[in-house]
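To keep things clear, I will list the structure first and then write my remarks on it.
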Protein chains: 2
Amino acid sequence: MAEQSLETVTADDVAILAGVSRWTVARAFKKDGVISDKARAKVMAAATELGYVPDLLAASLASDRSNLVALLVDDFDNPHKLVMLERLTRILREAGYGTLLVNMLGESDGPEALLTASQRRVDAAVVIGTQFDEGIRRTALGAKRVKQLIIFARASTAPGTISISCDDVAAMTEITRHLLEKGFKRPLFLAGPDTESTRLMRKDTFINVWSEEGSDPPPSVIHVPEYSMALACEAVTTRLSDLPSQVRPDVIVCENDVLALGAIDALRHRLGLSVPADVAVTGFDDVPLAASPAYDLTTYRQPVTEMARALVRVLDNGGRDATDVFLSGRFIQRGSS
Amino acid sequence: MAEQSLETVTADDVAILAGVSRWTVARAFKKDGVISDKARAKVMAAATELGYVPDLLAASLASDRSNLVALLVDDFDNPHKLVMLERLTRILREAGYGTLLVNMLGESDGPEALLTASQRRVDAAVVIGTQFDEGIRRTALGAKRVKQLIIFARASTAPGTISISCDDVAAMTEITRHLLEKGFKRPLFLAGPDTESTRLMRKDTFINVWSEEGSDPPPSVIHVPEYSMALACEAVTTRLSDLPSQVRPDVIVCENDVLALGAIDALRHRLGLSVPADVAVTGFDDVPLAASPAYDLTTYRQPVTEMARALVRVLDNGGRDATDVFLSGRFIQRGSS
DNA sequence: AAATTAGTTGCACGCGCGTGCATTCATATG
DNA sequence: CATATGAATGCACGCGCGTGCAACTAATTT
């Protein structure tokens, strides 16, 4: 592989060296391109010698696909985002897609962020595990260059979108039954923001299953305005302090791991209680920290890999006849319950 | 703003509606374009009506800038990566750059990942806080489409690259002096992989400062093969178990927070020791978890925002006369030391 | 052996916009 | 009022590749 000049190498250069036309070069680089083995070999040899790599930018301009996906993220405080980003970037890259990471800065930045992405002709915009904003949907439908709007790790029935998520109902049912079996009596559900759009079914499922299959009083619920460990810690501290142990919850069921970790911190470090002896805790997501000896959190692992694969299928289909996807994960019992 | 057909709106459409030429439209969208206020107003009105947004893809093809930056990440286990991603995506986006997130899958995937990025004509490839691979550098210099290779959050003297990082020497000096003042006697330094390339100066600095300004025996050091809480936990457990308290380290100085959190877990949950009473711990990075009551970790906050801004400056300069950047962060004393 | 067919290859045109220069217009000067 | 000056605007050409069809070659059929 000879060192080339700093001129960019185009398909034309390869074509000349290989003694074929430029279009034959393009075919050689298409997986299912119709081309003879001989020609492909010649092209590949020439390409290697020149260090040629197809320019995806020019390809995107010429065709109506960019093989680029925008990942829209608005909450970088949740370590589970990192898990999803790892999985998505890996699996999308393996499938030939590039990933544009877009930070949805503030509250109402969704539409703006989406426009940013659309300027690069992304094949799809994927909103990752976030409260779904109606403004985003309208912008997406308005902007012609956003071909698909996909909600990842969040169920959504918004028209014009496809959601790929964990089956929250099945998952939370499993958690609830586990707690009922263990004999807990006074659960407290710790939830995130109480919004209308794209809600998680976790809270409702817990309440339903507990009420139907469980005993006595209906579960009580507290909401925190953000999925933050600090806020969860504070909320739990406030709620439980000065509460006589007879009426104190014996288990805190959390909408996700971040809340659960905050709850555990509150119990141990603010209230001087022990987990799970005094109060048990369960989470949702299975963030890496949940497995650490410090927290040892019972949780439910979202099937992130399978969800990413499902996303690839939707993308490969170009959005034709795509339907919402629900996948089951795995209940992970650890020491916190 | 009337609903348009699904045809893509181009600058031509806007030009016709505004009664100007296509190039005037382009000028209106350039911040410093020479254009009369009147024309710009007309263009903007027409653009708004049609819902026109410039196509950055076509712009990239036509010019030699894409305003796209590749972020190469290989270790998604460190929560500090999430902090850096948040800051980088935000600040780069504010400065008009898009960010392509590329997962460097395995060991020797660097060059391949870089090629992937180069196919999209990125203005720069930014390697984020990772062991710097020589293969990446050679590929970058070989691939003409990668105009700049930037090492972020890691010092590097590799030729042809620019590094933007925290001033590790100043930072670790500050940590060390703090520990000396506090009167610690038997430090243990917990480090990550012991490689040659792009190393952190933290370990060497600690050893130097401690040896010069401190007393008695030189600090001992252990390396773990990866920056992982679990491995750190294991390593510390192995090292300290069955060690009589007279010779036990009184402080564990860690190369970063991930190691420090693992060390704390080991001390508390494996060895039954208390932090900081029995053994103190310090970290580096100031990941969000370091502030939680569970860990309350003394650490050093990297100036991530300033580093991101420095990156923007380098990018805006197109790499001309750019030199390595070192920035100071802030020592954060908490309860673990 | 001529005609048919499948397998390959070549090519005109366009994707949407930037660059650099030529041209036109508005304003200031003598 | 004519000219000089700078500000605004218009335009030919190209960026690198994909699409869809036409042309060509080799293998198959009757």
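Below, chains carry the letters A, B, ... as their sequence lines are ordered, and counting in each starts from 1. This one's a predicted model, so the numbers in the text were calculated from it and none came from an experiment.
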Please table the atom pairs, donor to acceptor, closer than 3.5 Å between any side-chain atom in residues 87-94 of chain A and protein atoms at least two apart or in another chain.
residue : atom : partner  : partner atom : Å
A:Arg87 : NH1  : A:Thr305 : OG1          : 2.9
A:Thr89 : OG1  : A:Leu85  : O            : 2.7
A:Thr89 : OG1  : A:Glu86  : O            : 3.0
A:Thr89 : OG1  : B:Asn103 : ND2          : 3.2
A:Arg90 : NE   : A:Glu86  : OE2          : 2.9
A:Arg93 : NH1  : B:Asn103 : O            : 2.7
A:Arg93 : NH1  : B:Asp109 : OD2          : 2.7
A:Arg93 : NH2  : B:Asp109 : OD1          : 3.2
A:Arg93 : NH2  : B:Asp109 : OD2          : 3.3

Would you give a per-nucleotide map of nucleotides 5-14 of chain C, 5' to 3', where B means the base has a protein non-hydrogen atom under 4.0 Å away, S means only the sugar-phosphate does, and - means neither?
-> ---SBBBB-B
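Going from atom CG of A:Asp55 over to atom P of C:dG16 covers 17 Å, rounded to whole Å. One atom, CG of A:Asn67, and another, C1' of D:dC17, lie 14 Å apart when rounded to the nearest Å. Rounded to a whole Å, the CG atom of B:Leu57 is 13 Å from the P atom of D:dG18. One can place CG of A:Leu50 at 15 Å from C1' of D:dG16, the figure rounded to the nearest angstrom. Across the protein-nucleic acid pair, A:Gln119 atom CD and C:dC17 atom C1' stand 13 Å apart, rounded to whole Å. In this structure, A:Leu61 places its CG atom 13 Å from C1' of C:dG18, rounding to the nearest Å. Between the CG atom of A:Leu68 and the P atom of C:dC15 there is a distance of 21 Å, given to the nearest Å. If you measure from atom CZ of B:Arg121 to atom C1' of D:dG16, you get 7 Å, rounded to the nearest angstrom.
Taking the salt bridge (charged side-chain N to carboxylate O under 4.0 Å, His left out) definition, one finds that A:Glu112 meets it with nothing, sequence neighbours left out. For A:Asp74, the side chain to side chain contact (heavy atoms under 4.5 Å, CB included) partners at least two apart in sequence or on another chain are A:Met104, A:Thr130. Applying the ring pair (Phe, Tyr, Trp, His ring centres under 6.0 Å) test to A:Phe326 and every residue at least two apart in sequence or in another chain returns nothing.
Remark: side-chain polar atoms of B:Gln302 are not paired, donor with acceptor, to backbone N or O of B:Gly329 under 3.5 angstrom. One N or O on the side chain of B:Thr99 and one on the backbone of A:Leu101 form a donor-acceptor pair closer than 3.5 Å. When atom types are taken as modelled, the side chain of A:Lys147 and the backbone of A:Arg65 share no donor-acceptor pair closer than 3.5 angstrom. Looking at A:Asn317, its side chain never comes within 3.5 Å of a backbone N or O of A:Val314 through a donor-acceptor pair.
Screening B:Val69, B:Asn67, B:Val126 against B:Leu315 for a side chain to side chain contact (heavy atoms under 4.5 Å, CB included) leaves a single residue, B:Val69.
Phosphate proximity of C:dT19 to B:Ser63: absent, as no side-chain N or O sits under 4.0 Å from OP1 or OP2.
Rounded to 10 degrees, the angle separating the terminal axes of the helix from C:dA1-D:dT30 to C:dG30-D:dC1 is 40°, with each axis obtained from five end pairs.
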